[in-house]
Amino acid sequence: MPTLSPPSRRPPALTLAGMNRPLGPTEAIYYLLDQLYSLNFVVFAEVSGRLDAGGLERALQAVQVEQPLLRTHLAVVRGRACFKAVAPEQAALKAQVRPLRNWRAAVSAELDAPFAGEAPLGRFLWFRGRGKAVVAMVFHHTIADGKSGANLLIEVLRRAGGEDIPLNVRQPHPSAQDLDLIQSKGVVESSLQKLKYWFSQGQAALKFPKQLPGYDMRLGDQRSIKVIPFSLAVETAQALLAACRAHGTTVHGALGAAQVLALNAEFGSAQARQLGLTSLADLRGVLSGKLSASDLGLYVATITTVHGLAAKPDFWHLAADIRGQLQQVLTSGDANLVHSVYREDSLLPMGRNRARLIQSSVALAPPSSMLTNIGKVDTPDLRNGARIQSLAFLVSPPPQHPVCVTAASHGGRLHLNLLYDRVKLDDAQAQRITNTLVGFLEAAARGQLESAWDPENDGNDEVTVGSQGGRW
């Protein structure tokens, strides 16, 4: 493989294939909705030890050379939104150096800092302190998802820490829909699969799941996204993982169950009801193209599942149902079909009116809250002795979801963030939902779920979130 030269020149033999193609349906939906409200997401890591400016500059140059989507801008060509390639020296990815103080607020603010389609469609922030730092990578959501974004940030740190990683210049990849296995089917078979999928979605909607009482799902004129970070300690996270395995489910299933039950507690009465959960599912395992998490790109599906809750719900039954429904959608090959709400033959131009039409379409999904979980992220100690102490990510909730919870497991600890729009949800209620969610997770880990479920509890009892808790 070619090796990286100093920033001033590129090896003559190294030719970079550019990303020049129309956006796929998923990417186009995110592109349009970003015109109504920012869909940036941020991956960030706390680092102890030394980082230096030269090492970071070389690392950022390397990943920009490797990843075609970091060398693109967005443009509308003949009515279609497209990726257009640029040379890295024309839009170099540089570290923006900032003081460490108040870094959480600064990272949160990046969720609403637009890219306006200009290259590069990523930003790198370096919050410097004495003997410690926070680094963050901000992405326009059309070019990355949580897993690939986290992997890219880790590679930057490994390179900056002195690890000699061979340069791996990737070829541009097609969109998720172009890699969908449904493309190998005939017109009749693929049409029948799509018809069956939308019929099942209609059946889910006819279950009439409830939304958080009093929550306005419509897109408002203003947004003010706030973040409540919290984490599960190593012992609790490991106990939760063991309990999930014992009950035939996954950590995502348990997180979803805790989230659904936390919103269920806001109804104030112990009654049977239907509630929804929207999960962002990684599609790499069910697409062609042999993609890995190191291939930067948007390869996720938005899957909404609806769950029937008894007056006194069973946590583990709900967790298993969440896992089972998600697994069924993924193995059926239907996960990608939700983004077929986007049509290239629309008469509306690629602007805000078309974006509003897309928002109206996606808002027809069953009412739900949102959960996105990138799973376990392993990070070695850096070659220069620095250590990645934590890794987590943030993404703004679309307006139809009252809360969005992000989750990442790093160093044995489970790092979570609850995001909400304080224009629609007040701080006290958001904190109460967080407290209830954590209460269910800790009780599930301890095997004490009976104590967590109390229909007489008004939701105001304090639950200890731990040393990592607090609001951004």
Side-chain angles (χ1 to χ4, degrees), residues 38-53 55-57 59-60 63 93-115 120 122-141 144 146 149-161 223-231 372 374 377 379 381-382 384-397 404-411 413-422 427 430-431 434 465-472:
S38 175
L39 282 175
N40 293 354
F41 79 95
V42 188
V43 184
F44 58 95
E46 296 178 89
V47 181
S48 63
R50 180 175 174 271
L51 295 173
D52 70 89
L56 281 173
E57 182 180 1
L60 291 171
V63 296
L93 183 60
K94 298 286 189 180
Q96 301 178 23
V97 183
R98 302 185 184 181
L100 185 60
R101 185 176 182 182
N102 296 326
W103 68 267
R104 290 185 182 273
V107 167
S108 181
E110 288 295 319
L111 292 172
D112 199 35
F115 284 93
R123 292 190 289 267
F124 185 87
L125 309 180
W126 180 18
F127 299 93
R128 297 180 66 174
R130 291 187 177 182
K132 58 183 177 180
V134 172
V135 293
M137 191 78 197
V138 189
F139 297 94
H140 191 286
H141 219 327
N151 272 271
L152 186 133
L153 180 62
I154 293 166
E155 182 180 339
V156 169
L157 289 171
R158 288 172 61 195
R159 288 183 178 276
R223 276 161 62 90
S224 178
I225 303 301
K226 296 297 177 184
V227 185
I228 301 175
F230 56 105
S231 65
T372 173
I374 62 172
V377 181
T379 58
D381 290 347
L382 305 185
N384 66 357
R387 297 189 64 188
I388 301 173
Q389 300 289 351
S390 72
L391 187 143
F393 72 108
L394 305 175
V395 62
S396 293
C404 171
V405 173
T406 69
S409 176
H410 176 265
R413 184 184 289 269
L414 191 58
H415 299 277
L416 303 108
N417 295 276
L418 183 140
L419 297 96
Y420 65 100
D421 182 358
R422 70 186 315 185
D427 293 343
Q431 186 65 63
T434 304
V465 177
S467 60
Q468 301 298 313
R471 183 178 286 103
W472 288 25

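These numbers come from a predicted model, not from an experiment.
Interatomic distance, F44 CZ to W103 CH2, rounded to the nearest 0.5 Å: 5.0 Å. Between the CE atom in M137 and the CG atom in N151 there is a gap of 13.0 Å [rounded to 0.5 Å]. Expressed to the nearest 0.5 Å, how far CG of L416 lies from OG1 of T434 amounts to 10.0 Å. To the nearest 0.5 angstrom, D421 atom CG is 12.5 Å from C404 atom SG. Atom CG of residue L51 and atom CZ of residue R128 lie 9.0 Å apart, to the nearest 0.5 angstrom. One distance of note links CD of Q389 with OG1 of T379; it measures 9.0 Å at 0.5 Å rounding.
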How far apart are the C-alpha atoms of D112 and S396, what are their side-chain angles, what is the distance that settles it, and do they pass the side-chain contact (heavy atoms from CB on, under 4.5 Å) test?
CA-CA 8 Å; D112 199 35; S396 293; over 6 Å; no

Run the numbers on L39 and V395 for side-chain contact (heavy atoms from CB on, under 4.5 Å), then give the verdict.
CA-CA 7 Å; L39 282 175; V395 62; 5.5 Å; no

Would you check, one step at a time, whether the test side-chain contact (heavy atoms from CB on, under 4.5 Å) holds for H415 with L391?
CA-CA 7 Å; H415 299 277; L391 187 143; over 6 Å; no

Determine whether V134 and L125 satisfy the following criterion, side-chain contact (heavy atoms from CB on, under 4.5 Å), listing intermediate values before the conclusion.
CA-CA 8 Å; V134 172; L125 309 180; over 6 Å; no

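Heavy-atom minimum distance, S38 versus R223: O-NH2, 4.3 Å. The shortest non-hydrogen separation linking V43 to G149 is CG2-C, 3.9 Å. Between A160 and L56, the shortest heavy-atom distance links the atoms CB-CD2, 3.6 Å. For the pair A150 and I374, the tightest heavy-atom approach, listed with the atom from each and the gap, is CB-CD1, 4.0 Å. Smallest separation of non-hydrogen atoms from Y420 and D427: OH-OD1, 2.6 Å.
Between L60 and K94 the shortest side-chain heavy-atom distance does not fall below 4.5 Å. Contact annotation: the side chain of P397 approaches that of I225 to within less than 4.5 Å [non-hydrogen atoms, C-beta and beyond]. Contact of the N102 side chain with the F127 side chain is not registered, since no non-hydrogen atoms from C-beta on lie closer than 4.5 Å. The closest side-chain heavy-atom distance from V227 to V107 is not below 4.5 Å. At least one side-chain heavy atom of F139 sits less than 4.5 Å from a side-chain heavy atom of L152.
Using modelled atom types, one side-chain atom of H141 and one backbone atom of A144 make a donor-acceptor pair closer than 3.5 Å. For the pair N40 (side chain) and H140 (backbone), a donor-acceptor distance under 3.5 Å is absent. A donor-acceptor pair under 3.5 Å is absent between the side-chain atoms of T406 and the main chain of L394, judged by distance alone.
Residues passing the salt bridge (Lys or Arg N to Asp or Glu O under 4.0 Å) test with E155, sequence neighbours excluded: R159.
A salt bridge links E110 with R98; the closest basic N to acidic carboxylate O contact falls under 4.0 Å.
The side-chain contact (heavy atoms from CB on, under 4.5 Å) test with F393 singles out one residue from T372, V42, V377, and that residue is T372.
A cation-pi contact links R123 to F115, judged by a cut-off of 6.0 Å to the six-membered ring centre and 45° from its axis.
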